[in-house]
Amino acid sequence: MNQSQGQQTSEGRHEDDAVLADFLASLMDYTPTIPDELVEHYLGKSGFQCPDVRLIRLVAVATQKFIADVATDALQHCKARQSTIVKDKRDKQQKQDKRLTLTMDDLSKSLREYGVNVKHQDYFADSPSAGLDPASREE
């Protein structure tokens, strides 16, 4: 490695540091969707304590981005699923109803792409009072 390459690497590192410092400073003016207190609570539960608000907000922004990506992917799964339903049924009423119904299966498929496996149990009700507290049942 010659001296000019070392100097370019050093300059690039200083530029990266300056960009990072600017980004962290901008986090002080930004109010994320996820409150700082909520992020602090879950970071604390995982054993991470940090008094720096910028880092807390960085985690909040990353979490917000993750949730937005998962929701967008789930919406795409929902649209794909419902377009196949319309093709199968060929029902005029189905074509007029443009509302989308996001299901747990759509969300599970989206989360699986990000390495999160969600297993939900099927719910079967034998009677209208199934799943209620036994003291509140009126039988």
Side-chain angles (χ1 to χ4, degrees):
M1 182 163 104
N2 62 28
Q3 188 176 8
S4 65
Q5 286 178 338
Q7 188 177 9
Q8 288 175 351
T9 304
S10 176
E11 288 175 7
R13 187 174 300 143
H14 291 301
E15 288 176 15
D16 290 345
D17 290 345
V19 170
L20 180 61
D22 290 342
F23 176 70
L24 289 174
S26 70
L27 286 175
M28 291 303 293
D29 299 329
Y30 179 72
T31 304
T33 303
I34 302 170
D36 293 342
E37 295 80 15
L38 183 65
V39 175
E40 287 177 13
H41 170 76
Y42 282 105
L43 287 176
K45 282 185 77 168
S46 67
F48 184 79
Q49 298 294 327
C50 180
D52 192 355
V53 175
R54 297 174 305 171
L55 188 58
I56 301 295
R57 291 199 178 153
L58 181 63
V59 171
V61 169
T63 304
Q64 183 177 337
K65 170 78 167 100
F66 175 74
I67 291 170
D69 288 348
V70 169
T72 301
D73 290 350
L75 178 63
Q76 295 306 316
H77 287 290
C78 177
K79 287 179 179 178
R81 178 181 48 81
Q82 288 192 337
S83 70
T84 58
I85 291 172
V86 170
K87 288 178 185 176
D88 291 343
K89 290 192 177 183
R90 301 283 183 207
D91 189 336
K92 290 181 183 179
Q93 189 175 18
Q94 281 284 341
K95 289 182 182 179
Q96 291 174 353
D97 189 12
K98 297 288 184 183
R99 291 182 294 172
L100 299 173
T101 305
L102 188 65
T103 64
M104 192 64 192
D105 289 332
D106 299 328
L107 185 59
S108 296
K109 287 177 186 176
S110 176
L111 284 168
R112 197 172 307 123
E113 292 174 8
Y114 291 92
V116 179
N117 294 320
V118 176
K119 295 181 182 180
H120 56 281
Q121 295 180 341
D122 294 328
Y123 180 75
F124 298 102
D126 296 334
S127 67
S129 62
L132 296 177
D133 184 28
S136 65
R137 289 186 186 175
E138 295 177 24
E139 294 185 37

Rounded distance (nearest 0.5 Å) linking atom [atom1] of [X] with atom [atom2] of [Y]:
{"X": "L111", "Y": "M104", "atom1": "CG", "atom2": "CE", "value": "7.5 Å"}
{"X": "R54", "Y": "L24", "atom1": "CZ", "atom2": "CG", "value": "5.0 Å"}
{"X": "C78", "Y": "L102", "atom1": "SG", "atom2": "CG", "value": "5.5 Å"}
{"X": "I56", "Y": "F48", "atom1": "CD1", "atom2": "CZ", "value": "6.5 Å"}
{"X": "L107", "Y": "L75", "atom1": "CG", "atom2": "CG", "value": "11.5 Å"}
{"X": "D73", "Y": "R112", "atom1": "CG", "atom2": "CZ", "value": "13.0 Å"}

Taking the side chain as every heavy atom from C-beta outward, state whether [X] and [Y] have any pair of such atoms under 4.5 Å apart.
{"X": "E113", "Y": "V70", "answer": "no"}
{"X": "L20", "Y": "D16", "answer": "no"}
{"X": "D36", "Y": "P32", "answer": "yes"}

*Run the numbers on K109 and D105 for salt bridge (charged side-chain N to carboxylate O under 4.0 Å, His left out), then give the verdict.*
CA-CA 6 Å; K109 287 177 186 176; D105 289 332; over 6 Å; no

*Give the C-alpha distance, both sets of side-chain angles, the deciding distance and a yes or no for side-chain contact (heavy atoms from CB on, under 4.5 Å) between F23 and L58.*
CA-CA 10 Å; F23 176 70; L58 181 63; 3.4 Å; yes

*Do I34 and M28 share a hydrophobic cluster (ILVMFWY, side-chain heavy atoms under 4.5 Å, transitive)?*
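In one cluster with I34: M28, no.
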
*Determine, using the 4.5 Å side-chain heavy-atom cutoff (strictly less than), whether V61 and V53 are members of one ILVMFWY cluster.*
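No; V53 is not reachable from V61 via cluster members.
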
*Identify the two heavy atoms, one from R57 and one from Y30, that lie closest to each other, and give their separation to 0.1 Å.*
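Scanning both residues completely, I find the closest heavy atoms to be NH1-O, 3.3 Å.
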
_Partner of D106 under side-chain hydrogen bond (donor to acceptor under 3.5 Å, both in side chains), chosen from Q82, R81, Q76_ =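 Exactly one option meets the side-chain hydrogen bond (donor to acceptor under 3.5 Å, both in side chains) with D106, and it is R81.
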
_For the OH atom on Y42, are there more than 12 heavy atoms of other groups (residues, nucleotides or ligands in this structure) within a distance under 6.0 Å?_
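Counting neighbours around OH of Y42, 12 or fewer heavy atoms of other residues, nucleotides or ligands fall under 6.0 Å, so no.
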
